[in-house]
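Each ligand, and each atom within it, is numbered from 1 in the order the structure gives. Computed from a prediction, not measured in an experiment: that's the story for all the values here. We count residues from 1, following the sequence as given.
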Amino acid sequence: MKNFKFSAKTDIFFGKGEIKVLGNQLKKNGAKNILLTYGKNSIKKSGLYDNVIEILKEKNINFFELSGIDPNPRITSVRAGIKICKENNIDFILAVGAGSVIDCSKAIASGSLYDGDPWDFAIGKAHAKKALPVACILTLAATGSEMNSGAVITNDDTKEKLPIHAECAKPVFSILDPEYTFSVPKYQTAAGCVDIMSHVFEQYFSPSSNAYVTDMLCEGILKTIVKYGPVAYEQPENYIARANIMWAGTIGLNGLLSCGKMTDWASHLIEHEVSAIYDLTHGAGLAIITPAWMRHVLDNYNSYKFCEIGKNVFGLTGNDGIDLANRSIDKIEEFFKKLNMPVRLCEADIDNSRIEEMAEKINSRFGKIGGFKQLDKNDVLAILNSCL
Ligand code: NZQ
Ligand code: ZN
């Protein structure tokens with residue numbers, strides 16, 4: 001097991017009615033003049049927006065708003081948020097929504113205390129060293145952004161979608177009420193489940209061995225999604241299903257599942273190129289890329305790892321080897337199909353016309369990718385071609 005540092009800076013308030021802590025937590029964290037960020041309609045439709053505003057007024061907390069943050073949040077929204085923060089001496093950001101709203105808010109928080117353009121963080125020209133404090137009220141289980149330091153931002157001018165790492169912008173607290181996810185549509189519920197599973201795969205498949213405890217946590221999260229994903233899909237108001245998925249999403253990418261091991265992240269980097277150009281939902285892109293990545297990297301030496309998932313998560317039987325590994329990958333793909341996710345690019349109306357461009361962008365920015373098995377441009381091309 002590799003040495004590691006794990007620190008959980010974010011206080012989590014989990015469960016039905018936990019919005020009750022919002023006012024006091026904002027006060028405790030010194031929020032006096034906040035930027036409230038959200039997406040399009042969902043929080044107004046659900047009544048969450050009204051609840052938050054009522055609490056802010058009750059606590060005499062002044063607020064400005066940035067609304068309309070898109071899925072696959074754009075750098076233009078980040079810049080708009082920074083402008084509001086700088087012009088109005090904002091001292092705290094409250095993100096109410098899903099991963100895109102939270103990611104955009106983290107980038108705003110970092111960019112507000114930086115003199116240059118926030119895209120500098122994405123292209124590595126600058127590193128976020130300080131940020132306004134951020135808190136979240138999560139409305140969709142998927143990214144883990146509510147308890148991590150990542151933010152993924154899209155630049156429409158350059159057709160790039162790149163991650164920003166801002167430890168300084170990790171949320172100070174997040175409120176996770178599973179009832180807020182009752183209204184998440186089937187498609188987004190499914191995409192969220194795929195995203196959570198993909199985060200686990202990116203950390204589970206590793207050249208490091210002996211982090212047994214971490215791998216068992218990974219398998220537990222996968223089993224949770226396999227058990228409760230279809231339940232939440234069919235019964236959107238099933239609290240137990242929504243609650244288990246929500247917590248699985250948070251644990252899935254809060255650092256716990258990479259303790260003691262190297263990670264992969266090739267499928268995510270490839271998916272980001274697809275959604276950068278086609279504005280595809282992240283989880284849907286992963287449902288297409290992940291099984292293709294698995295089939296591409298599978299070999300005799302690493303097949304046991306795929307077999308473990310087949311046996312421990314999907315209950316397959318048989319001797320370890322390529323055959324069982326392939327059956328495990330088939331099971332994963334079948335599960336995505338059961339949630340009505342696309343598993344080929346053509347199902348998302350994407351053809352081969354820009355595949356070369358995607359592979360070249362990865363190559364020029366990152367060189368070889370993947371910790372489990374290193375992939376060069378030809379590997380990326382082969383994976384994308386196999387998804388057509
Ligand atoms: O805009 P509104 O009206 O709020 O609607 C949203 C949006 O259309 C809707 N929604 C959210 N909560 C809802 C709801 N609709 C009904 N009821 C609710 N309770 O869902 C749609 C998708 O929202 P989005 O924020 O895009 O979803 P998600 O949480 O999946 O976030 C995806 C983004 O996060 C990035 C992805 O690349 C993508 O840009 N990621 C961020 C990561 C991180 N920060 O660590 C890691 C991930 O791997 C991922 O890359
Ligand atoms: Zn993801």
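Between Asp323 and Asn326, the side chains place no donor N or O within less than 3.5 Å of an acceptor N or O (distance only, hydrogens not considered).
Taking 4.0 Å as the cut-off, Asp103 counts as a neighbour of ligand 1 on heavy-atom distance. Proximity of Lys45 to ligand 1 is not established, as no heavy-atom distance is less than 4.0 Å.
Applying the 4.0 Å criterion to heavy atoms of Lys161 picks out, from ligand 1, the atoms 36 (C), 37 (O), 38 (C), 39 (O).
For Leu253, every heavy-atom contact with ligand 1 shorter than 4.0 Å involves the side chain, none the backbone. Counting heavy atoms closer than 4.0 Å to ligand 1, residue Asn148 contributes side-chain atoms (C-beta onward) but none from N, CA, C or O. Only the side chain of Gln188 comes within 4.0 Å of ligand 1, judged by heavy-atom distances. For Asp195, every heavy-atom contact with ligand 1 shorter than 4.0 Å involves the side chain, none the backbone.
A cation-pi contact, defined as under 6.0 Å to the ring centre and within 45° of the axis, links Lys305 to Tyr204.
Inside a sphere of radius 2.8 Å centred on the Zn ion (ligand 2), the protein N/O/S atoms present are Asp195 OD1, His199 NE2, His268 NE2, His282 NE2.
Between the choices Pro71, Gly99, Cys104, Ala142, the shortest heavy-atom distance to atom 8 (O) of ligand 1 belongs to Pro71. With distances taken over non-hydrogen atoms, the option nearest atom 32 (C) of ligand 1 out of Ser100, Ala276, Ala151, Ala141 is Ser100.
In summary, the aromatic rings of His127 and His165 are positioned with their centroids too far apart to meet the 6.0 Å limit. Aromatic pair Phe205/Trp293: ring centres closer than 6.0 Å.
A salt bridge does not link Glu356 with Arg354: every distance from a Lys NZ or Arg NE/NH1/NH2 to an Asp or Glu carboxylate oxygen is 4.0 Å or more.
Nearest to atom 50 (O) of ligand 1 among the protein's heavy atoms is His272 NE2, 3.1 Å.
Using the six-membered ring where Trp is involved, His199 and His268 have ring planes that are tilted, between 30° and 60° apart.
Screening residues 96-123 for ring pair (Phe, Tyr, Trp, His ring centres under 6.0 Å), with sequence neighbours left out, gives Tyr114-Phe121.
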